[in-house]
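Working notes for the structure below.
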Amino acid sequence: MATPKNNKKTTAPAPTAPEATAPAGGLPGKLFSYAPAPESPAAAGEIASSYGHFIGGEFTESAGKEALKTVNPATGQVLAEFAQGSGEDVDRAVRAARDAFPAWSALPGAERAKYLFRIARIVQERSRELAVLESIDNGKPIRETRDVDLPLVAAHFFYYAGWADKLEHAGYGPNPKPLGVAAQVIPWNFPLLMLAWKIAPALATGNTVVLKPAETTPLTALRFAEIVRQAGLPKGVVNIVTGDGRTGAALTAHPDVAKVAFTGSTGVGRSIARTLAGSRTKLSLELGGKAANIVFDDAPIDQAVEGIVNGIFFNQGHVCCAGSRLLVQESVHDEVLDALKRRMATLRVGDPLDKNTDVGAINSAAQLARIQELAAAGEAEGAERWAPACELPQDGFWFAPTVFTGVSQAHRIAREEIFGPVLSVLTFRTPAEAVEKANNTPYGLSAGVWTEKGSRILWMASRLRAGIVWSNTFNKFDPTSPFGGYKESGYGREGGRHGLEAYLDV
């Protein structure tokens with residue numbers, strides 16, 4: 001997508017910063033509007049003009065000549081170049097991890113835990129730097145990286161540090177053993193958090209790691225390499241090789257890898273599963289989703305609307321478990337939609353480094369094109385499109401928070417993962433119909449249920465084919481709780497005690 005160098009704005013359907021009005025009985029008129037509250041990009045620290053790979057505890061040049069570029073989604077400006085990992089680079093990284101494995105796996109769990117605790121503390125100490133860098137490279141609002149991503153990153157390392165010397169009590173046998181070298185491929189929507197989800201349990205269980213970050217968001221993974229060195233982690237225990245899907249394919253197919261963990265699209269997950277079929281390599285996949293957020297007529301409407309907004313507009317909808325299908329009981333459909341539109345009109349879209357921003361930039365031009373294609377398909381198939389009006393920045397990649405009504409289960413926007421701030425609204429009459437519609441998808445990652453009846457929540461949860469079901473909330477995560485899906489959303493679990501099993505020979 002072309003990105004002009006001026007800072008003009010174009011009119012587009014997206015929300016502006018709202019002005020507060022006086023409450024009943026208060027002073028009439030408008031009281032205030034949100035002034036800019038920018039975080040300094042300088043807080044991200046120095047971003048090098050080019051990066052190599054992190055192999056054997058050192059930054060090294062790539063064996064190949066090809067380089068890729070990562071851009072700031074909010075401006076379209078190039079941030080840095082990084083190496084396109086070749087087969088030779090992958091082989092060097094796997095060899096370094098394999099050489100480090102005997103000594104690392106032989107360490108007592110309490111000793112491995114010290115390194116994980118140290119990493120967690122350094123992440124906390126450098127959290128502002130990492131949050132700003134994540135927002136610059138990814139496009140998500142600084143409020144989310146600062147208040148959600150970074151606290152969870154540290155929490156995962158703290159949590160799995162606690163398990164490192166207690167593995168025999170985890171329920172996987174009296175003397176569980178690590179697998180060896182773990183190949184880990186992570187997505188661009190939560191770069192640092194997905195890194196923590198994978199590296200923390202792998203190290204706690206005694207495995208060594210070769211990680212490939214997404215090609216649009218490599219910077220926080222490369223900054224994490226500095227943290228690894230700062231923590232004094234033995235060389236070769238964590239290795240990071242950058243590149244696109246070619247690098248990922250070479251890594252996941254490497255014969256010396258004992259475990260593959262992948263988070264990303266269902267199509268790539270299928271390809272990895274085919275490659276590893278019949279091998280001894282252990283595989284876990286966390287793939288796409290098309291979650292149903294189900295609102296009953298006795299739900300607390302205001303609370304449910306907040307959950308709907310959080311479910312689909314958090315992180316610009318770049319969430320595998322996003323509540324992208326809203327199922328509303330017919331009797332409260334109009335009330336819920338009116339309240340939802342009022343709430344959407346208050347969302348602030350713009351600079352990810354502004355602390356008032358609710359919805360940031362779309363991660364890439366390719367992802368924006370995908371969102372635009374599916375939104376156009378929704379209109380072409382007869383659904384009614386609505387978004388609050390405001391101005392979107394002309395530079396970078398932007399899409400207004402959007403809701404579609406009059407959606408049927410046959411519409412593409414109700415069947416395909418959009419991975420953007422687009423909500424499809426359907427209706428139901430009975431709990432049985434809600435379950436049938438919610439389960440009418442090839443995915444099965446998450447769901448939400450909004451009702452005041454505990455018995456109904458339990459009834460629904462037992463029938464919804466989803467790896468996680470939230471009740472009267474949405475997008476709540478904790479390192480102690482397992483996460484994963486059914487059907488085309490993948491298999492295996494990350495987080496909690498269950499997340500240890502993926503890295504143990506049991």
Side-chain angles (χ1 to χ4, degrees), residues 14-20 32-45 72-75 79 123-156 187-196 217 219-220 223 302-303 305-323 340 343-363 388 390-393 396-401 419-421 423 470 473-479:
T16 54
E19 293 183 323
F32 63 89
S33 61
Y34 287 93
E39 173 61 277
S40 170
N72 182 338
T75 64
L79 295 169
V123 167
Q124 288 182 321
E125 291 164 3
R126 300 177 65 170
S127 62
R128 183 187 180 205
E129 166 198 347
L130 294 168
V132 174
L133 183 61
E134 193 84 302
S135 288
I136 289 173
D137 199 26
N138 173 277
K140 64 172 63 182
I142 185 66
R143 284 195 307 151
E144 294 178 7
T145 57
R146 179 194 66 192
D147 298 341
V148 179
D149 293 35
L150 264 298
L152 280 173
V153 169
H156 274 82
W188 47 260
N189 57 336
F190 292 92
L192 199 54
L193 182 55
M194 293 297 99
L195 176 151
T217 54
L219 294 185
T220 47
R223 190 66 57 87
D302 289 341
Q303 182 182 341
V305 166
E306 290 302 311
I308 295 164
V309 168
N310 182 50
I312 186 58
F313 302 129
F314 173 69
N315 196 29
Q316 297 74 253
H318 298 334
V319 185
C320 52
C321 56
L340 176 61
R343 180 65 179 91
M344 288 174 63
T346 70
L347 293 175
R348 300 174 293 276
V349 179
D351 181 9
L353 290 185
D354 189 329
K355 296 164 192 169
N356 290 323
T357 295
D358 297 304
V359 181
I362 301 302
N363 179 255
C390 86
E391 294 180 340
L392 289 176
F397 319 121
W398 304 89
F399 195 88
F419 223 62
L423 179 66
W470 287 292
T473 189
F474 209 91
N475 275 342
K476 294 295 183 183
F477 298 97
D478 187 276

Checklist entry - Taking only residues at least two apart or on different chains, which pairs with a member in residues 130-139 satisfy side chain to side chain donor-acceptor pair (under 3.5 Å)? => result T70-D137, E134-T220, S135-T145
Should the pair [X]-[Y] be classified as a salt bridge under the 4.0 Å nitrogen-to-oxygen rule?
X	Y	value
R223	E129	yes
D358	R143	yes
D149	K140	yes

To the nearest 0.5 Å, what is the distance between [atom1] on [X] and [atom2] on [Y]?
X	Y	atom1	atom2	value
D478	L152	CG	CG	7.5 Å
F313	L423	CZ	CG	5.5 Å
R128	I142	CZ	CD1	8.5 Å
E144	F190	CD	CZ	7.0 Å
K355	R146	NZ	CZ	6.5 Å

Within the structure provided, determine whether [X] and [Y] are in side-chain contact (heavy-atom separation under 4.5 Å).
X	Y	result
P388	T346	no
C321	N475	yes
F314	V148	yes
F399	Q316	no

Item to check | Exam field: side chain N189 to backbone N315, donor-acceptor pair closer than 3.5 Å | outcome: no
